[in-house]
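Every number for a ligand or one of its atoms is a count from 1 in the order of the listing.
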Amino acid sequence: MSPTSIQALILAAGKGTRMKSARAKVLHPSLGAPMLEHVLRAVTSAGADPVTVVVGHQADAVEAAFAGRGLGFVRQEPPLGTGHAVQVSRERFAARPDRTLLVVNGDLPLLRPETLAALLETHRRTGAAATLLTVELDDPGAYGRVLRDADGGVRAIVEAKDATAEEARGREINAGLYAFEVPALLDVLGKLKPQNAQGEFYLTDVVGLLRAAGKTVGAVKAGDPGEALGVNTVAELAEATRLLRLRRAEALMAAGAAIEDPATTHIGLDAVVEADAVIRPYSFLEGRTVVRRGASVGPFARLVDAEIGPDAQILDHCLLRECVVGAAATVGPFAHIRPESRIGARAKVGNFVELKKTHLGDGSKAPHLSYIGDAVVGPGGNIGAGTITCNYDGTHKHPTRIEAGAFIGSNSTLVAPVTVGEGAYVGAGSAVTEDVPAGALALGRSRQVVKAGWASARAAARSSSSSGSKARKD
Ligand code: UD1
Ligand code: CA
């Protein structure tokens with residue numbers, strides 16, 4: 001089937017009452033991306049065009065979150081059921097009657113592209129008017145039940161709330177994913193009636209109507225029951241996220257990444273872990289994070305849009321955002337690397353060090369307790385413990401330059417804008433307010449005063465006065 005022969009409609013207008021949340025259900029995140037994003041990726045991978053999203057509850061927020069993605073939006077206000085959602089979108093898909101219409105519930109974040117492809121393949125091969133995805137569940141709960149004829153054909157879908165006791169015992173459920181031939185769908189769509197327990201127009205009633213019109217309805221059973229998890233509650237969202245987390249980790253492990261504990265490791269949809277990289281437990285790789293070969297991350301690290309070079313180590317309890325860490329560099333434990341920072345190859349950032357908009361040159365070190373912001377440190381520099389760049393004057397931010405091989409003594413403050421030249425030294429405890437030329441030593445502290453014998457004289461004076469008072473008491 002050529003990709004352009006499919007169009008898609010994603011149903012995302014429902015209030016999501018069971019989430020008990022002010023936010024639209026499809027915007028709730030799972031593995032760092034809104035539920036709708038997961039569905040959209042599956043649909044896009046099938047080559048659907050156009051893709052229309054039916055919005056209603058929090059429509060503005062949903063449209064804003066997915067603006068610029070080439071989607072069409074249809075407003076369904078008020079939402080009167082899944083069948084009504086398709087009815088109000090009629091103009092969108094009726095315009096292309098030759099393209100098979102995929103209809104997908106927006107609350108199916110576990111839907112796989114492969115399953116969509118299998119559904120479309122069966123639909124095309126059998127020539128059915130409609131084909132739906134079903135799953136066998138031990139506990140079919142509130143899902144719509146798929147009713148079959150004696151010969152095995154799909155006869156109808158009955159919602160759990162409307163099912164007889166016998167129908168409710170059925171274990172094959174409707175997953176909420178359908179392929180329709182548009183002319184056949186248009187013939188019956190107007191016939192839906194809200195005569196059911198919820199007073200809604202059910203899309204699922206289309207199945208019975210198509211059968212009554214003499215059309216065939218087929219079904220594909222999903223192999224993985226988890227895939228049909230329709231998220232209606234916060235607890236179901238947590239379960240979907242758990243399954244997505246494991247699925248993502250499994251895919252990366254299959255390609256050689258060492259994920260030590262997939263259950264506690266969050267690797268977002270767009271994060272990449274190369275072969276032979278090690279991700280230790282309780283670590284979060286978010287956004288466009290990339291961890292290259294041989295690097296290790298964690299435990300308890302959080303990386304957002306960070307690129308970690310080959311053989312680099314991000315040690316325990318670090319937070320890194322929008323930054324690049326060079327090959328074989330080490331960061332942490334307990335380091336905070338803020339946006340627009342670059343750490344050079346073999347550089348070292350130690351515990352309780354914060355970098356902001358700072359480029360630390362190759363082989364440079366900031367091993368302990370520092371804040372370095374708006375700075376450029378050349379290669380081979382040494383930033384002593386407790387060094388602070390005073391980059392902010394209360395109104396503006398100013399830059400600090402520390403050139404190649406410079407040595408900043410412990411507990412120095414560098415008052416920006418300021419430059420410490422190549423190979424220069426700054427004595428420990430200095431407040432540096434003026435540029436230090438290359439090769440110089442700067443001392444910005446008061447000279448030490450030594451008073452010989454002062455402490456022993458004081459001690460002697462104290463002991464004689466206390467023995468005096470003791471004598472008086474006796
Ligand atoms: C639906 C199916 C049920 C199936 C289950 C699978 C119907 C009547 N029932 O039930 O057979 O087993 O999904 O998860 O379709 N929506 C709209 N407009 C509306 C109502 C809903 O766009 O007026 C959207 C929702 O935002 C949601 C999707 O349609 O993304 C499904 O709606 P929901 O209320 O969750 O349906 P279920 O009761 O789960
Ligand atoms: Ca649902």
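The protein non-hydrogen atom at the shortest distance from atom 17 (C) of ligand 1 is Gly14 N, 3.4 Å. Of the protein's heavy atoms, Asp107 OD2, 3.1 Å lies nearest to atom 35 (O) of ligand 1. The protein heavy atom nearest to atom 14 (O) of ligand 1 is Tyr143 CE2, 3.6 Å. Of all protein heavy atoms, the one closest to atom 4 (C) of ligand 1 is Asn174 O, 3.2 Å.
A salt bridge is defined here as a Lys NZ or Arg NE, NH1 or NH2 lying under 4.0 Å from an Asp or Glu carboxylate O, and Asp149 with Arg155 meets this definition. A salt bridge does not link Asp311 to Arg346: none of the charged side-chain nitrogens sits closer than 4.0 Å to a carboxylate oxygen. Salt-bridge formation is not detected for the pair Arg145/Glu159: no Lys NZ or Arg NE/NH1/NH2 atom is positioned less than 4.0 Å from an Asp or Glu carboxylate oxygen.
Close approach of ligand 1 to Ala12 is summarised as follows: ligand atoms under 4.0 Å from at least one heavy atom of the residue are 22 (O), 26 (O). The distance from ligand 1 to the heavy atoms of Gly144 drops below 4.0 Å at these ligand atoms: 3 (C), 4 (C), 11 (O), 12 (O). Atoms of ligand 1 found under 4.0 Å from any heavy atom of Leu11 (numbered from 1 in listed order, with element): 22 (O), 24 (C), 25 (C), 26 (O), 27 (C), 28 (C), 29 (O), 30 (O). Atoms of ligand 1 found under 4.0 Å from any heavy atom of Lys25, numbered from 1 in the order shown, are 35 (O). Residue Gly106 has at least one heavy-atom neighbour below 4.0 Å for each of these atoms of ligand 1: 30 (O). Within ligand 1, counting atoms from 1 as listed, the ones closer than 4.0 Å to a heavy atom of Ala175 are 6 (C), 14 (O). Taking every heavy atom of Gln76 and a limit of under 4.0 angstrom, the matching atoms of ligand 1 come to 17 (C), 18 (N), 19 (C), 22 (O), 23 (O). Residue Asn232 has at least one heavy-atom neighbour below 4.0 Å for each of these atoms of ligand 1: 35 (O), 39 (O).
The distance from the Ca ion (ligand 2) to the nearest N/O/S atom of Asn232 is under 3.0 Å.
Across the listed options Ala85, Ala13, Gly81, Gly81 owns the non-hydrogen atom lying nearest to atom 19 (C) of ligand 1. The option from Asn105, Thr82, Leu80, Ile157 that lies nearest to atom 7 (C) of ligand 1, judged by heavy atoms, is Thr82. Proximity annotation for atom 2 (C) of ligand 1: of His84, Arg18, Glu159, Glu159 comes nearest, heavy atoms only.
The closest side-chain heavy-atom distance from Phe66 to Pro34 is below 4.5 Å. You'll find the side chain of Met253 reaches within 4.5 Å of the side chain of Pro262, heavy atoms only. For the pair Val104/Leu11, no side-chain contact is recorded, criterion being any heavy-atom separation below 4.5 Å from C-beta on. Using a 4.5 Å heavy-atom cutoff, the side chains of His317 and Pro333 are not in contact. Side-chain contact between Phe180 and Val188: absent, with no pair of heavy atoms (C-beta onward) separated by less than 4.5 Å.
Of the possible donor and acceptor atoms, none in the side chain of Glu260 sits under 3.5 Å from a partner among the backbone N and O of Val278. Panel note: side chain Glu200, backbone Leu80; no donor-acceptor pair is recorded below 3.5 Å. Side-chain atoms of Ser341 come within 3.5 Å of backbone atoms of Lys357 as a donor-acceptor pair (strictly under, hydrogens ignored).
Residue Asp107 approaches the Ca ion (ligand 2) most closely through its N/O/S atom OD2.
Ligand 1 has no N or O atom lying under 3.5 Å from any N or O atom of Thr204, backbone or side chain.
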